[in-house]
2 protein chains.
Amino acid sequence: MAHLHDLTKNQTLVLDALTKWDGPASAYSLLDQLRAQGFRAPLQVYRALDKLIEYGLVHRLESLNSFVACAHPHDHAHGLVAFAICDTCGQVDEFSDETVERRLKGWAKEHSFRLAKTTIEMRGICANCTAQ
Amino acid sequence: MAHLHDLTKNQTLVLDALTKWDGPASAYSLLDQLRAQGFRAPLQVYRALDKLIEYGLVHRLESLNSFVACAHPHDHAHGLVAFAICDTCGQVDEFSDETVERRLKGWAKEHSFRLAKTTIEMRGICANCTAQ
DNA sequence: TGGTAGATGTAATAACATTACGATCCTTCG
DNA sequence: CGAAGGATCGTAATGTTATTACATCTACCA
């Protein structure tokens, strides 16, 4: 696992932009944001994101085609992560559940499925927006 | 919930194409397949897919941007569905897990998150491909 | 008859992601 | 030192996925 000081300039810029972003950001949103810092092409963003995801510092939200900074970047031990995404305000809640992880890994083992990555995304309306 | 005989012509064509398809299909693959039947534009496919998903006859695989016919289209009761997707052969295994469903719904209830839809996708290599 | 709701056809465009190629930088080791 | 190799970067072009906008059609029924 790489540490913060191992990040390249582009990776740092992308991670900073994403960390400051309120909610999930698309690669192109990040690109627009980073033009002021000299970014010109989507690939610059995608390459940085790939590495950041590999390092566990960023998550990809498949159902949104967007990205979020990991909420627990120092908790290197976190296994499976799940997301609750509010369709109204866009806020994302990241959490883990031991039981869910155990069950899914159990299924994989039973079926001899060599598990590489698991995506869990819940879509709905958060408490805050429901209260509005 | 609509029944089979409620489907329109386009919906039927798309569902048939997807059912015959081996594994997940992208909307554009389906479009190419259906040009012989008079399809001309992506929207014809997307509109049909939207309805079929609404009826529970088709699932969208978020991590692949593709679609599969539901493996249990007559089991109207199935709640949360999970997928195991083989990155080698593309085969998709659809299954349910009561415990996982209960845990995730529990999290939602605890956090007053009004849950609309849940995506669970496991990526990896299936038993068959591992054995090869 | 005329209104309305759902489905359709078509074109244009938006949004997301990758391939290809070459240049650059950095480390390692003869 | 300086060549070799690897990772990163810049840029352009292209490929893939999805939506907006607008017109038409069809079935149903008040």
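Side chains included, hydrogens not; waters and symmetry mates left out as well; all remaining heavy atoms used. Numbers restart at 1 for each chain; the letters A, B, ... are given by sequence-line order, proteins then strands. Because the structure is a prediction, the values reported are computed rather than measured.
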(request) Enumerate the residue pairs fulfilling salt bridge (Lys or Arg N to Asp or Glu O under 4.0 Å) with a member in residues 11-37 of chain A, sequence neighbours excluded, ordered by first and then second residue. (result) D32(A)-R35(A)
I need the [atom1]-[atom2] distance between [X] and [N], as an integer number of Å.
X	N	atom1	atom2	answer
D6(B)	dA27(D)	CG	C1'	14 Å
R35(B)	dG9(C)	CZ	P	13 Å
L31(B)	dA18(D)	CG	C1'	12 Å
L64(A)	dT17(D)	CG	P	18 Å
L7(A)	dA7(D)	CG	C1'	14 Å
D32(A)	dA15(C)	CG	P	10 Å
Y55(A)	dA7(D)	OH	P	10 Å
N10(A)	dA7(D)	CG	P	17 Å

(message) So for the helix from dT1(C)-dA30(D) to dG30(C)-dC1(D), with five pairs setting each end axis, what is the inter-axis angle to 10°?
(response) 10°
I want to check one thing: is the phosphate of [N], taken as OP1 and OP2, less than 4.0 Å away from some side-chain N or O of [X]?
X	N	answer
K9(A)	dT8(D)	no
K51(A)	dT8(D)	yes
Q44(B)	dG9(C)	yes
T8(B)	dT8(C)	yes

Are [X] and [Y] packed together at the side-chain level, in the sense that at least one heavy-atom pair is separated by less than 4.5 angstrom?
X	Y	value
Y55(A)	L7(A)	yes
I120(A)	V81(A)	no
I85(B)	S63(B)	yes

Hey, what are the protein-to-nucleotides 17-24 of chain C N/O distances that come in under 3.5 Å?
unit_1  : atom_1 : unit_2 : atom_2 : d
dA17(C) : OP1    : R60(A) : NH1    : 3.1
dA17(C) : OP1    : R60(A) : NH2    : 2.3
dA17(C) : OP2    : Y46(A) : OH     : 3.0
dA17(C) : O5'    : Y46(A) : OH     : 3.4
dA17(C) : N7     : Y28(A) : OH     : 2.7
dA17(C) : N6     : Y28(A) : OH     : 3.2

(message) Just by distance, no angles: are the side chains of H59(A) and E94(A) close enough, under 3.5 Å, to form a donor-acceptor pair?
(response) yes
(message) Give me each pair satisfying ring pair (Phe, Tyr, Trp, His ring centres under 6.0 Å) with a member in residues 9-47 of chain A, each pair once, sequence neighbours excluded.
(response) none
(message) By the ring pair (Phe, Tyr, Trp, His ring centres under 6.0 Å) test, which pairs, at least two apart or in different chains, include something from residues 94-125 of chain B?
(response) F95(A)-W107(B), W107(A)-F95(B), W107(B)-H111(B)
(request) Give a yes or no on whether a salt bridge exists between R60(A) and E62(A), defined as a side-chain N under 4.0 angstrom from a carboxylate O. (result) yes
(request) Please list, chain by chain and in numerical order, all residues satisfying side chain to side chain donor-acceptor pair (under 3.5 Å) with K117(B), sequence neighbours excluded. (result) none
(message) Both Q11(B) and R40(B) contact DNA chain C. Taking the nearest nucleotide for each, which residue is further toward the 5' end?
(response) Q11(B)
